[in-house]
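Lettering follows sequence order; numbering is per chain, from 1. Given the structure is predicted, the values throughout are model-derived calculations rather than measurements.
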Number of protein chains: 2
Amino acid sequence: MPNSVRTFADDEHVWREGDRAFHCAIVMSGFLVGQKIVGGRNQILSVHVPGDMPDLHMLHLLHMDHDLCSAGPSTIAFVPHTFLNHLLVDSPTLTHAFWRKTLVDAAICRQAVANLGSRDALARVAHFFCELAARLEVVGLLHEDQFRLPFTQQNLADVCGLSTVHINRTVQELRRCGLIEWKAGVVTLFHRDELACVADFTPEYLHLSEGKRPEIHPLPVDAF
Amino acid sequence: MPNSVRTFADDEHVWREGDRAFHCAIVMSGFLVGQKIVGGRNQILSVHVPGDMPDLHMLHLLHMDHDLCSAGPSTIAFVPHTFLNHLLVDSPTLTHAFWRKTLVDAAICRQAVANLGSRDALARVAHFFCELAARLEVVGLLHEDQFRLPFTQQNLADVCGLSTVHINRTVQELRRCGLIEWKAGVVTLFHRDELACVADFTPEYLHLSEGKRPEIHPLPVDAF
DNA sequence: CGAAGTTTTGACACGGATCAAGTGAGGTGG
DNA sequence: CCACCTCACTTGATCCGTGTCAAAACTTCG
């Protein structure tokens, strides 16, 4: 694919709200977050890990409705929309794959709504770690329940809709319970099952292990 | 389109979490909500108005990750996936339109994250009314800033992640300020601009008035 | 070594939850 | 047509989770 790669420092903007994008970003390394100032606070709407295409939706929408910003240093590849559009015209399969990717992002977003609307601070933070671990595992960035996370506690506060002070106390509680460690930008999960229990986390919404999309004329079930 | 129409009473389930769907629902009248029990509470993740296709994502995902449920009586049309898939194979334009629809739903979901994460009760409720009015206006169900809403205050509480008691007080405050009226299942917005101000509502994220998707070989800009 | 940013701690304030009781309004049966 | 029941809405009192403010300890880096 034709592409140009660019590196971003911590807290550098890839797109801003209102921007019109002519390229799709692909996270090669590091983390990107979708965010927006609302009610005087910065609210992180989505977290994107390597392999994600955080602005795939811009293929069909005219203007960004939030900022896209690096959290920690990251390297991003940009592919022209024109190229992708030609690709998609020729390949229904690829179209479905891309579409599906945006649908999984939407499912993750729905889960965030559930998280913010109905869980207390401890469960929210625990859920964040569980989800991130699950997603990083898929792309091979989780090693022995351990992963790099170049976030400040402020970032985590912006994800969880909490104050930094309270995030700090909540993270300490998770540490005290022996569930996680987080220092020098590295997170370790000590008891993933217990953490998942605290978080009320189940990974189904990530739609990870679902079989491939069936052919349009489905095969008999026992063909699988 | 081949379709079967069914009516649902208040609080009847269309799909449940884990279900596999072989038809797409289209809301003909009434309201559907996507919801999920989380942390002992019922959290409404999305609200669907007539014209919406609340489970369009099930064309590509295997299992529902939340319940779909009627709020108030509603009539729903069901179209077989097999039919839609054939339609989409033949029409890239329609594929883009459907894809785009799921992307707008995702944008609305992101806004819900912002809402729950960063706004206080008053702004959340006000935002809900603003958004719903804007969406109903598009489908011609808003008449003189007035629309039918067959919700209980409990439903609204589930949308906003608040208790019924507090929803009640918040709605009363909006009434006291002369911003809304809500009785007998009919909502009236008295000062939409002021309400939008309280809610910090801007409709861009609904991506309503954006021009149509340009052709893949774009025309010169002054062609519009 | 100093400066700036991040994490930690404590004291206190407040928004919203919870609990409990009371008021309606619509639906049903006698 | 009225008595009753149920469910939604309303109100008041109290409690708790989280926010805010302010300062101290620690880190990172120039």
Side-chain angles (χ1 to χ4, degrees), chain A residues 9-12 31 38-44 70-73 115-129 148-176 180-187 198-200, chain B residues 9-12 31 38-44 71-73 115-128 148-176 180-187 198-200:
Chain A
D10 180 37
D11 203 33
E12 229 183 315
F31 291 80
V38 32
R41 283 189 65 250
N42 188 36
Q43 178 67 47
I44 293 181
S70 71
N115 218 13
L116 294 174
S118 295
R119 286 195 247 262
D120 64 15
L122 193 69
R124 277 188 220 178
V125 175
H127 196 280
F128 169 79
F129 285 124
R148 292 214 62 246
L149 181 70
F151 273 31
T152 65
Q153 294 191 354
Q154 178 69 59
N155 287 328
L156 188 49
D158 291 348
V159 170
C160 295
L162 297 164
S163 66
T164 29
V165 172
H166 203 65
I167 280 291
N168 183 280
R169 295 188 166 123
T170 306
V171 167
Q172 281 181 61
E173 170 135 19
L174 288 174
R175 281 203 269 253
R176 190 164 350 105
I180 69 161
E181 190 178 81
W182 181 17
K183 58 181 182 197
V186 175
V187 174
V198 169
D200 183 27
Chain B
D10 180 38
D11 203 32
E12 231 184 312
F31 291 80
V38 31
R41 283 188 65 252
N42 188 37
Q43 178 67 46
I44 292 181
N115 218 13
L116 294 174
S118 295
R119 285 195 248 262
D120 64 15
L122 194 69
R124 276 188 220 179
V125 175
H127 196 279
F128 170 79
R148 293 214 62 247
L149 180 70
F151 274 30
T152 65
Q153 294 191 354
Q154 178 69 60
N155 287 327
L156 188 48
D158 291 348
V159 171
C160 295
L162 297 164
S163 67
T164 29
V165 173
H166 202 67
I167 281 290
N168 182 281
R169 294 186 168 125
T170 306
V171 167
Q172 282 182 61
E173 170 135 18
L174 288 173
R175 281 201 269 252
R176 192 167 346 108
I180 68 160
E181 190 178 80
W182 180 16
K183 58 182 180 195
V186 175
V187 174
V198 169
D200 183 27

(Q) The criterion is side-chain hydrogen bond (donor to acceptor under 3.5 Å, both in side chains); which residues satisfy it with Ser118(A), sequence neighbours excluded? (A) Arg41(B), Gln43(B)
Q) Base, sugar-phosphate, or nothing for Arg176(A), non-hydrogen atoms under 4.0 angstrom? A) nothing
Q: Taking side-chain hydrogen bond (donor to acceptor under 3.5 Å, both in side chains) as the test, write out the residues that go with Arg148(A), two or more places apart.
A: none
Q) Through what angle, rounded to 10 degrees, does the axis of the helix from dC1(C)-dG30(D) to dG30(C)-dC1(D) turn between its ends, using five pairs per end? A) 40°
Show me the donor-acceptor pairs within less than 3.5 Å that the side chains of residues 157-167 of chain A make with the rest of the protein, sequence neighbours left out.
residue, atom, partner, partner atom, Å
Asp158(A), OD1, Gln154(A), NE2, 3.1
Asp158(A), OD2, Asn42(A), ND2, 3.3
Ser163(A), OG, His166(A), N, 3.2

Q.
Can you pull out the residues from residues 153-166 of chain B that lie within a 4.0 Å heavy-atom distance of DNA chain D?
A. Gln153(B), Val165(B)
**Q.** Test side-chain hydrogen bond (donor to acceptor under 3.5 Å, both in side chains) applied to Asn168(B) - qualifying residues, sequence neighbours left out
**A.** Gln153(B), Gln172(B)
Q) Under a criterion of less than 4.0 angstrom to any heavy atom of chain A, what are the 5'-terminal and 3'-terminal contacting nucleotides of DNA chain D? A) dT18(D) to dC21(D)
Q. About how many Å separate CG of Asp10(A) and CZ of Phe31(A), when rounded to the nearest 0.5 Å?
A. 12.5 Å
Q. What residue pairs, at least two apart or across chains, pass salt bridge (charged side-chain N to carboxylate O under 4.0 Å, His left out) with a residue in residues 167-176 of chain B?
A. none
(Q) Quick check: do Arg124(B) and Leu116(B) have side-chain heavy atoms less than 4.5 Å from each other? (A) yes
Q | For Asp120(A), all residues meeting side chain to side chain contact (heavy atoms under 4.5 Å, CB included), sequence neighbours excluded | A | Leu122(A), Ala123(A)
Q. Between which nucleotides of DNA chain C, read 5' to 3', does contact with chain B run, using atoms under 4.0 Å from its heavy atoms?
A. dG16(C) to dC19(C)
**Q.** Under the salt bridge (Lys or Arg N to Asp or Glu O under 4.0 Å) test, residues paired with Glu181(A) that sit two or more places apart
**A.** none
Q | Under the side chain to side chain contact (heavy atoms under 4.5 Å, CB included) test, residues paired with Val187(B) that sit two or more places apart | A | Phe129(B), Phe147(B), Leu149(B), Trp182(B), Leu189(B)
Q) When all nucleic acid strands are considered with a 4.0 Å heavy-atom cut-off, which category describes Arg119(A): base, sugar-phosphate, or nothing? A) nothing
(Q) Between Thr152(A) (side chain only) and Asn155(A) (backbone N and O only), is there a donor and an acceptor less than 3.5 Å apart? (A) yes
Q.
Looking at every non-hydrogen atom in both residues, tell me the closest pair between His127(B) and Asp200(B) and how far apart they are.
A. CD2-O, 4.3 Å
Q: Provide the closest heavy-atom pair for Ala71(A) versus Pro150(A) in the form atom of the first, atom of the second, distance.
A: O-CG, 3.5 Å
